[in-house]
Amino acid sequence: MQSVLASASLATQGFADVQTLHGFVPLSLYFLTVAESGERKSTCDGIAAKAVRDFEEPLVRAHQKDLKAWRQDEAENRKSRKKRKLADWDSVVENDSASEDEMPEEPVSPSILMSDVTLQGVLSLFERGNPSIGLFSDEGGQFFGGYSMKAENKTHAATSLSKLWDGQGFSRVRSGSDPLTLYGRRASSHFMLQPVIAQNILSDRMFKSQGLWSRFLFAWPESRIGQRILESGRALDERAMSALSCFNTRIHQLLETPCPTHADDPLQLVPRPLPLSQGAHDILLAFYNQVELAQQDGQAFAQIRGFASKAAEQAARIAGVLTVFENTNAREVSAGTMSNATVLMDWYLLEAARLLDTGPVSQELRDAQALLEWLQTRWSEANISVRAVANRGPNRFRTPDRARVLIDVLERHNWLARLPGGAQVMGQHANEAWEISLS
DNA sequence: ATATAAAACTGTTGCGAGCC
DNA sequence: GGCTCGCAACAGTTTTATAT
């Protein structure tokens with residue numbers, strides 16, 4: 001779901017800026033999905049991003065060849081210039097700048113997807129590369145946590161991402177050279193995080209205060225681990241397959257179509273404005289008002305004002321993506337599309353409320369998972385009792401109540417099997433005991 | 001980047017309450 | 001008394017946060 005929208009956003013962001021209640025904004029969408037490793041998130045993302053990858057791969061290979069040729073050309077040019085310099089010293093001054101211009105431009109890097117994302121990487125790609133890219137990463141932690149994201153680095157990254165989302169210029173500050181601002185760049189992103197990392201990152205003061213999170217659309221699906229039994233006929237049914245292949249071809253089409261760019265600088269996108277139809281505008285306005293009301297103290301979204309106040313804009317972006325995805329040359333956003341977008345946005349609002357507000361309800365589930373892991377790795381006996389957990393388990397579970405609740409959860413999910421009549425635990429007989437499933 | 005202080009975690013032990 | 005169980009305490013270790 002997230003992956004699909006992310007890919008669509010990536011493919012469409014170069015074409016248009018959509019109208020919102022306050023002017024025009026890019027179609028870029030930022031997604032953040034939280035899933036336990038082993039949740040098949042990479043597989044899932046792989047399917048939706050496959051179209052993009054397929055498209056990208058041959059281009060990248062061709063580009064590498066081009067680049068090689070270009071480097072050779074350049075070397076030769078230098079040589080010839082040198083020769084000329086020696087031959088005619090006087091005319092060098094005039095000629096030099098001219099010959100500079102004649103030099104073939106370095107080929108534009110066609111890379112679209114960045115998975116090993118660092119801010120530096122994004123910058124350099126933007127500097128001489130595709131102006132519309134996607135930051136898709138399985139391990140978003142690498143970006144947010146890795147690369148010694150400390151203090152200034154962090155601030156810089158956060159503000160850069162925020163500005164990029166807003167469609168403002170992307171500036172790079174590099175020691176030893178003048179600050180450089182790149183305009184007309186677009187990026188969509190989809191990061192996936194593991195719950196543990198997500199907790200830290202989501203509560204990070206820095207990112208919070210920068211308003212970075214209010215620009216992301218979150219999803220934290222309930223864990224399916226323990227419920228994903230493979231059925232024999234598990235292959236995606238035909239309808240899903242055909243939908244997927246439609247999606248893929250459309251993504252291909254969009255990527256192949258050149259985006260409108262600035263006359264002087266082919267790397268600078270000039271997305272055309274995509275206005276809202278009257279109906280769409282009305283719907284968006286209604287949505288905005290509704291969300292605004294819900295931000296009052298005590299209402300549902302009071303705790304996530306930052307996110308909620310961007311909801312209308314996000315909805316407009318989604319609607320824009322859907323519109324362009326449907327028809328590259330669409331004139332305006334239809335009312336129907338907008339109402340679909342607001343439905344999606346409603347969902348994201350709820351999700352954000354769940355995640356950013358008070359911790360998710362599934363805290364219990366994750367605790368249970370933690371306990372299970374502890375049991376499997378650090379507990380030497382085959383059986384377990386409430387008392388054993390309360391007495392020797394991880395510190396935070398060392399109360400019988402807590403231990404009991406978690407054990408119940410695990411039993412419900414068949415990770416523990418109750419042993420009738422009890423069993424030996426910790427050298428003692430326990431009336432209530434469970435056997436630990438190893439798989 | 002490193003050192004230091006603070007907090008969290010672990011593996012034990014022991015005691016008393018309630019029950020048969 | 002013999003058996004479970006809840007609870008508290010403790011010392012040693014590991015992890016985390018913070019300042020330099």
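Proteins get letters first, then strands, A, B, ... in listed order; numbering begins at 1 in each.
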Please give, in whole Å, the distance from dT10(B) C1' to Arg392(A) CZ?
-> 10 Å
For Thr20(A) and Glu313(A), does a side-chain donor sit closer than 3.5 Å to a side-chain acceptor?
-> no
Length of the CD1-P vector between Ile384(A) and dC5(C), whole Å = 12 Å
Figure out the CZ/P separation between Phe397(A) and dG6(C), and round it to whole Å.
-> 17 Å
With sequence neighbours left out, the residues meeting ring pair (Phe, Tyr, Trp, His ring centres under 6.0 Å) with His252(A) are Phe55(A)
Could you tell me how the ring of Tyr288(A) sits relative to the ring of His22(A): parallel (under 30°), tilted (30 to 60°) or perpendicular (over 60°)?
-> perpendicular
Separation of dT10(B) atom C1' from Leu371(A) atom CG, nearest Å, is 15 Å
Using a cut-off of less than 4.0 Å, is there contact between a side-chain N or O of His429(A) and OP1 or OP2 of dC3(C)?
-> no
Could I get the full list of ring pair (Phe, Tyr, Trp, His ring centres under 6.0 Å) partners for Phe15(A), not counting sequence neighbours?
-> none
How does protein contact run along nucleotides 14-20 of chain B, one letter per nucleotide 5' to 3', with B for base contact, S for sugar-phosphate only, - for none, heavy atoms under 4.0 Å?
-> B------
Do the rings of His190(A) and Phe31(A) sit parallel, tilted or perpendicular, given the 30° and 60° boundaries?
-> perpendicular
Steps toward side chain to side chain contact (heavy atoms under 4.5 Å, CB included) verdict (Leu274(A), Phe24(A)) | CA-CA 8 Å; Leu274(A) 176 67; Phe24(A) 290 84; 5.6 Å; no
